[in-house]
Amino acid sequence: MENSHARTRFAPSPTGALHSGVVRTALFAWLLAKQSGGQFLLRIEDTDQKREVEGGTENIKESLRWLGLDWDEGPDVGGPYAPYIQSERLSIYKQYAQELVGKGLAYADPYTQEELQGLREQAQAEKRPFLFRDHRPENPPTWDGSQALRIKLEPKAWQWDDAVMGTISMGPEMVDDFIIIKADGFPTYNFCHIIDDYLMKITHVMRSQEFISSVPKFLAAHEALGLTPPINVILPQVMDETGRRKLSKRHGAKPVLEYRDQGFLPEALLNFIATIGWNDGTEQEIYTVPELIEKFSLARVQRSGGIFDEQRLVYLNGVHIRRLPLDELYERVANFWPASAAGREDAYKKQVLGLVQERLKFFAELPALTEFFFTDLPVDPQLWQDHKQLKKLAPAELKTLLEQAKTALTGSDFTVDGLTACLNNLLETTGQKPAVLFSLVRIATTQAPNSPGLADTLAVLGKDTSLQRIDAMLAAL
RNA sequence: GGCCCCUUCGUCUAGUGGUCCAGGACGUCAGGUUCUCAUCCUGAAGAUCGCGGGUUCGACUCCCGCAGGGGUCACCA
């Protein structure tokens with residue numbers, strides 16, 4: 001707990017589905033707010049009308065809700081600094097812009113975008129950096145809102161402390177007269193997010209690494225506006241599986257909600273995402289959400305980027321699934337049963353679930369793992385013809401053995417203990433190894449390439465179903 | 001190209017001058033758990049700590065240089 005009552009925010013733009021890279025930024029901000037007894041805000045930065053996508057805001061909210069990253073202030077819940085959607089705050093930005101114009105610190109940009117492009121190309125051809133301030137108009141037109149408005153900044157070297165990266169310094173060429181209000185009347189991110197963070201009393205601003213070279217701009221704007229900047233926190237990048245580029249939707253980063261739809265647990269995803277770029281210095285790998293809140297620390301956030309290794313996520317999801325009490329797991333998998341399970345009683349499904357809990361890596365695997373508990377799979381000769389033990393025996397031998405098994409099982413009470421005793425007894429009377437006998441009975445009763453332990457499976461399947469299936473295989477031998 | 005950040009097993013990482021010829025986890029491989037798959041357990045392979053110089057009795061740890069990777073240079077965020 002290094003900060004008390006941190007106010008943090010997550011400020012995405014609604015330009016597409018939320019993916020894990022972005023979620024990490026939200027998570028760290030949320031953790032800091034939670035652990036310090038502060039607030040976490042959601043603010044929608046919809047100032048680029050062209051890039052906005054239909055349903056973008058809804059996707060953000062739904063993703064955060066699924067993950068459990070609840071916001072104390074923001075859309076839907078309101079708060080003392082509403083509205084929390086930038087397109088509804090245009091008059092505020094205009095007011096601050098006007099203030100700068102009044103102070104002579106902002107001016108209308110008289111160039112067309114084509115002219116600007118020409119100047120840039122010329123600079124590039126001459127191998128020198130393009131700086132707008134070298135082309136400042138001597139007598140800029142009065143800003144009437146139809147031109148872009150630029151902030152006027154004097155060249156200056158910058159140095160500041162970042163909570164993760166430490167002391168960073170950059171030269172005067174990093175800050176130029178940037179546009180604060182676009183010709184369409186909307187503010188730019190560089191300008192309005194600073195105002196919002198100030199007005200909303202944000203204490204820690206987390207941004208991912210691609211913003212690091214923009215920080216001097218933000219600092220310069222604070223200075224021009226006479227505002228005190230918040231604590232800047234640059235987070236290392238989350239890289240895609242190639243390790244060559246940051247995770248981005250352009251390059252196929254999976255939307256968070258896809259993990260939900262595949263049956264990943266939000267706590268597992270958070271555990272995974274948190275440990276890309278952060279660890280508590282111990283050998284702990286598995287964290288519950290409360291543990292993350294308790295142990296998270298900015299001081300232990302990594303500076304180097306990390307790869308999103310989905311294999312590790314799958315592993316962690318399995319761990320979290322296994323840790324769940326059966327009743328809770330049962331509620332969570334409700335939407336993932338195979339169609340054939342429809343209408344089956346809860347008690348039965350819960351028994352089945354108990355058998356596959358330690359095999360489940362994510363819920364979308366549930367149908368493949370449990371299908372045979374709900375429906376008779378077609379008899380598949382491949383299963384014994386390809387079996388490394390059973391293929392050594394002739395069909396007639398298999399048939400004899402299976403008939404012996406049928407007789408023995410007919411006399412069993414089909415409790416796990418009774419079945420275990422029955423099967424062990426059968427090993428003796430037939431003189432067979434478990435590898436042969438158990439495999440045969442397992443294949444006969446499931447017609448599946450794999451299943452939970454034999455006695456457990458038979459007990460859940462029940463006597464009628466088990467014997468029927470044995471008959472069906474007997475007929476095929 | 002300018003500027004900025006980063007650099008420990010394939011991957012996530014521990015390590016803040018000596019306890020490190022570098023520890024854990026995922027993944028991989030092998031063995032065990034009466035049958036399969038999974039779980040669990042045991043074990044193995046896997047990093048000359050990007051490279052080169054310093055400083056020091058001693059460096060993964062401090063300093064300098066280089067290289068590589070990433071980011072950024074928009075009326076996008």
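Quantities reported herein were computed from a predicted structural model and do not represent experimental measurements. Below, chain A is the first sequence line, B the second, and so on; all start at residue 1.
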Counting only side-chain heavy atoms from C-beta out, which of [options] sits nearest to [X]?
X	options	result
A/Arg150	B/C35, B/C12, B/C75	B/C75
A/Met170	B/C37, B/C5, B/C3	B/C3
A/Lys388	B/C76, B/U36, B/G71	B/U36
A/Lys50	B/A77, B/U39, B/C76	B/C76
A/Gln302	B/A14, B/C35, B/C4	B/A14
A/Arg245	B/A14, B/G71, B/C75	B/G71
A/Glu283	B/G24, B/U36, B/C75	B/G24
A/Ile168	B/U34, B/A14, B/C5	B/C5

A/Arg24 to A/Phe28 six-membered ring, cation-pi geometry met (6.0 Å, 45°):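 Yes, cation above the ring, under 6.0 Å and within 45°.
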
Which part of the nucleic acid, if any, lies within contact of [X], taking any heavy atom under 4.0 Å across all strands shown: a base, the sugar-phosphate backbone alone, or nothing?
X	answer
A/Thr47	sugar-phosphate
A/Ile179	base
A/Phe211	base
A/Gln357	nothing
A/Ile286	nothing

Counting only Watson-Crick or G-U wobble pairs whose two distances fall under 3.5 Å, which nucleotide matches [N]?
N	answer
B/A38	none
B/A67	B/U7
B/A44	B/U28
B/U55	none
B/U33	none

Provide, to the nearest angstrom, the distance between the [atom1] atom belonging to [X] and the [atom2] atom belonging to [N].
X	N	atom1	atom2	value
A/Gln209	B/C3	CD	P	17 Å
A/Leu219	B/C4	CG	C1'	15 Å
A/Asp240	B/G69	CG	C1'	13 Å

Backbone of A/Ala29 reached by a side-chain donor or acceptor of A/Thr8 within 3.5 Å: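 Answer holds: yes.
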
Audit row: A/Arg207, A/Val205, side-chain contact (heavy atoms from CB on, under 4.5 Å) steps and yes/no: CA-CA 6 Å; A/Arg207 305 183 184 92; A/Val205 174; 3.4 Å; yes

Ion pair check, A/Asp376 and A/Arg469, cut-off under 4.0 Å: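 Judged by the 4.0 Å cut-off on N to carboxylate O distance, A/Asp376 and A/Arg469 do form a salt bridge.
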
Distance-only donor-acceptor test (3.5 Å): side chain A/Glu210, base B/G70: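 No pair found.
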
Salt bridge (Lys or Arg N to Asp or Glu O under 4.0 Å) partner of A/Arg150, the single match among A/Asp109, A/Asp176, A/Asp177: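 With A/Arg150 as partner, A/Asp109, A/Asp176, A/Asp177 yield a single salt bridge (Lys or Arg N to Asp or Glu O under 4.0 Å), made by A/Asp109.
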
